[in-house]
K.L.:
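Provided herewith is a single structure, encoded as structure tokens, for subsequent inquiry.
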Amino acid sequence: MDDQTRMMTGLTGLGGLQQADVGDPDSVRKQQSLGQPQQDIGDILQQIMAITDESLDEAQARKHALNCHRMKPALFSVLCEIKEKTVLSIRGVQEEDPPDPQIMRLDNMLLAEGVSGPEKGGGSAAAAAAAAAAGGSPTDSSIEHSDYRAKLAQIRQIYHSELEKYEQACSEFTNHVMNLLREQSRTRPISPKEIERMVAIIHRKFSSIQMQLKQSTCEAVMILRSRFLDARRKRRNFNKQATEVLNEYFYSHLSNPYPSEEAKEELAKKCGITVSQVSNWFGNKRIRYKKNIGKFQEEANLYAVKTAVDAANVSAQASQANSPATPNSGGYPAPCYTPDGRL
DNA sequence: GTATATGATTGACT
DNA sequence: AGTCAATCATATAC
């Protein structure tokens, strides 16, 4: 309390007011009735007006004098301390912001989609696999695939250029503010901590802008993906040669039509489709064959004959029996057919 | 336009 | 993880 009174005394003294004027309301009322305060205010106003009349040199000189005052550093440090204790402690509560879970989620998603990661990231690889699984002839799927990739690359490019812009703007603005504060710290009590805090505030503001960018990028990718997934449902029949290869394998392994992983890979390669497409095909084929064997008899006979002929050719060429057909031993029911190929 | 064929998806099961 | 069974959605044949 005593300190405060002393400070007040010093400060009011500058304005031409006496301590009694402040401390005693009665005397203030007395003086008001006498017209004294008006005159004091007039003096103060005149002083203020006089400042504007001072030349720049004079003002600079005064500033310089103030800066060189022996008490200045001590006074500054005291003021900084007071500021830190009051202003900073009040705002300090809201300062600790935990790592934003939303921005982390967005980051993870953008990384997974291959937007924010390295160029040929997991996202495009996943897209490639999905596009390949889209079925149809390889040319068609590659068209869809490249379309998707192109659009994703576009999103990626926009995202990165925007991000770069924001980062640049952020660092430029931060530098500007820091320079300004450092400059001002010569005449105003600004502690380094305060500058730090200001920088943190700026970064927070910019990161919220960044979050908006990330959010809209995520939305764009989601829309693209959903469109792509819709397109994936647009099924194309496999070409004749592929169906033939698959059927040949199926009917020649009718007792156990479950190709191993290696066999699936081989078939996929031969047919120009993916392993999962091969799995789908065999899944569908097994269930449909089992459900309606009669319907598939003709097809089964056809491929049985075909396999037999091929086997005969191979054995004739290699003069060694090497039939790919496995004997039918209690798997799926084999078709019964007459020698002329009829049921 | 309708019926059928066919590749993909999904959920349950082992 | 691989498979089955039901189902969806589209392609194709008529």
Side-chain angles (χ1 to χ4, degrees), chain A residues 109 112-114 122-152 218 221-307 324-337 341-343:
Chain A
M109 193 189 139
E113 294 298 333
S124 45
S137 62
T139 0
D140 287 338
S141 73
S142 71
I143 286 166
E144 279 172 25
H145 176 195
S146 66
D147 203 35
Y148 177 85
R149 265 230 309 241
K151 293 221 162 79
L152 192 70
C218 274
V221 172
M222 281 290 111
I223 290 166
L224 183 66
R225 259 181 87 87
S226 71
R227 256 190 229 154
F228 180 71
L229 286 171
D230 284 347
R232 198 167 52 151
R233 289 195 83 86
K234 272 190 183 163
R235 162 186 89 66
R236 299 269 164 77
N237 291 354
F238 298 153
N239 61 41
K240 229 176 168 182
Q241 184 254 336
T243 325
E244 217 156 278
V245 170
L246 292 167
N247 272 318
E248 256 175 56
Y249 188 98
F250 180 79
Y251 288 110
S252 65
H253 296 75
L254 204 54
S255 59
N256 184 35
Y258 297 87
S260 64
E261 193 58 33
E262 292 80 51
K264 279 181 192 171
E265 274 169 26
E266 174 103 27
L267 286 166
K269 214 157 120 189
K270 266 191 199 167
C271 301
I273 58 178
T274 66
V275 173
S276 63
Q277 280 179 300
V278 173
S279 298
N280 283 342
W281 190 91
F282 273 89
N284 284 325
K285 191 73 183 180
R286 280 190 299 261
I287 202 82
R288 283 164 187 165
Y289 179 82
K290 203 172 88 177
K291 261 187 176 174
N292 194 351
I293 296 168
K295 201 177 79 183
F296 288 93
Q297 291 285 2
E298 206 176 329
E299 191 180 71
N301 295 337
L302 196 85
Y303 281 101
V305 170
K306 205 169 148 56
T307 312
T326 48
N328 194 32
S329 52
Y332 280 73
C336 43
Y337 55 91
R342 293 181 56 84
L343 293 170

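Just so it is clear, the values below take in all heavy atoms, side chains as well, and ignore hydrogens, waters and symmetry mates.
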K.L.:
Measuring to OP1 and OP2 of dA8(B), would you say a side-chain N or O of Asn280(A) lies under 4.0 angstrom away?
P.N.:
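It does, given that an N or O in the side chain of Asn280(A) lies less than 4.0 Å from OP1 or OP2 of dA8(B).
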
K.L.:
Would you indicate, yes or no, if dG7(B) has its OP1 or OP2 atom less than 4.0 angstrom from a side-chain nitrogen or oxygen of Gln277(A)?
P.N.:
no

K.L.:
Return the CG to NZ distance between Asn247(A) and Lys240(A), rounded to the nearest 0.5 Å.
P.N.:
12.0 Å

K.L.:
Starting at CG of Leu246(A) and ending at C1' of dA5(B), how long is that distance when rounded to a whole Å?
P.N.:
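Spelled out: CG on Leu246(A) to C1' on dA5(B) is 15 Å.
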
K.L.:
Say you draw a straight line from CZ of Arg286(A) to CH2 of Trp281(A); how long is it, rounded to the nearest 0.5 Å?
P.N.:
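Reported value, rounded in 0.5 Å steps: 10.0 Å.
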
K.L.:
Given dA8(B), dA6(C), dA5(C), identify the nucleotide with an atom nearest to the side chain of Lys291(A).
P.N.:
dA6(C)

K.L.:
Starting at CG of Asn247(A) and ending at P of dA5(B), how long is that distance when rounded to a whole Å?
P.N.:
14 Å

K.L.:
Atom CZ of Arg236(A) and atom P of dT10(C): how far apart are they, to the nearest Å?
P.N.:
12 Å

K.L.:
Nearest whole Å is fine: how far is dG7(B) P from Tyr289(A) OH?
P.N.:
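These atoms are roughly 18 Å apart.
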
K.L.:
Would you please test Phe282(A) and Tyr249(A) for ring pair (Phe, Tyr, Trp, His ring centres under 6.0 Å) and show each step?
P.N.:
CA-CA 10 Å; Phe282(A) 273 89; Tyr249(A) 188 98; 5.6 Å; yes

K.L.:
Report the distance from atom CD1 of Ile287(A) to atom C1' of dT10(B), rounded to the nearest whole Å.
P.N.:
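From Ile287(A) CD1 to dT10(B) C1': 14 Å.
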
K.L.:
Rounded to the nearest Å, what distance is computed from the CZ atom of residue Arg288(A) to the P atom of nucleotide dC8(C)?
P.N.:
13 Å

K.L.:
Under 3.5 Å, which protein N or O atoms sit close to an N or O of nucleotides 11-14 of chain B? Give each pair with its distance.
P.N.:
none

K.L.:
Between protein and nucleotides 1-3 of chain C, what N or O pairs are separated by less than 3.5 Å?
P.N.:
{"unit_1": "dT3(C)", "atom_1": "OP2", "unit_2": "Lys264(A)", "atom_2": "NZ", "d": "3.1"}

K.L.:
Indicate the ring-plane relationship of Phe250(A) and Tyr289(A), choosing parallel, tilted or perpendicular according to the 30° and 60° boundaries.
P.N.:
perpendicular

K.L.:
Using whole Å, what does the distance between atom C1' of nucleotide dA5(B) and atom CZ of Phe238(A) come to?
P.N.:
13 Å

K.L.:
Heavy atoms from C-beta onward define the side chain here; which of dC4(C), dA11(C), dA8(B) lies closest to that of Lys290(A)?
P.N.:
dC4(C)

K.L.:
Could you give the distance from CD1 (Ile273(A)) to CG (Leu246(A)), rounded to the nearest 0.5 Å?
P.N.:
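It comes to 5.0 Å.
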
K.L.:
Got a sec, which residues hit salt bridge (charged side-chain N to carboxylate O under 4.0 Å, His left out) with Glu299(A), two or more places apart in sequence or on another chain?
P.N.:
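If we apply the salt bridge (charged side-chain N to carboxylate O under 4.0 Å, His left out) test to Glu299(A), skipping adjacent residues, the hits are Lys285(A).
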
K.L.:
Give a yes or no on whether a donor-acceptor pair under 3.5 Å exists between the nucleobase atoms of dA5(B), that is its base, and the side chain of Asn237(A).
P.N.:
no

K.L.:
Does Lys270(A) have any side chain to side chain contact (heavy atoms under 4.5 Å, CB included) partners at least two apart in sequence or in another chain, and if so, which?
P.N.:
Val245(A), Glu266(A)

K.L.:
Which residues satisfy the salt bridge (charged side-chain N to carboxylate O under 4.0 Å, His left out) test with Lys264(A), sequence neighbours excluded?
P.N.:
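With sequence neighbours excluded, Lys264(A) shows a salt bridge (charged side-chain N to carboxylate O under 4.0 Å, His left out) to no residue whatsoever.
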
K.L.:
List for me each residue that meets salt bridge (charged side-chain N to carboxylate O under 4.0 Å, His left out) alongside Lys306(A), sequence neighbours excluded, and say none if there are none.
P.N.:
Glu244(A), Glu248(A)

K.L.:
Which whole-number value in Å describes the distance from Asn284(A) CG to dC8(C) C1'?
P.N.:
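Asn284(A) atom CG is separated from dC8(C) atom C1' by 12 Å.
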
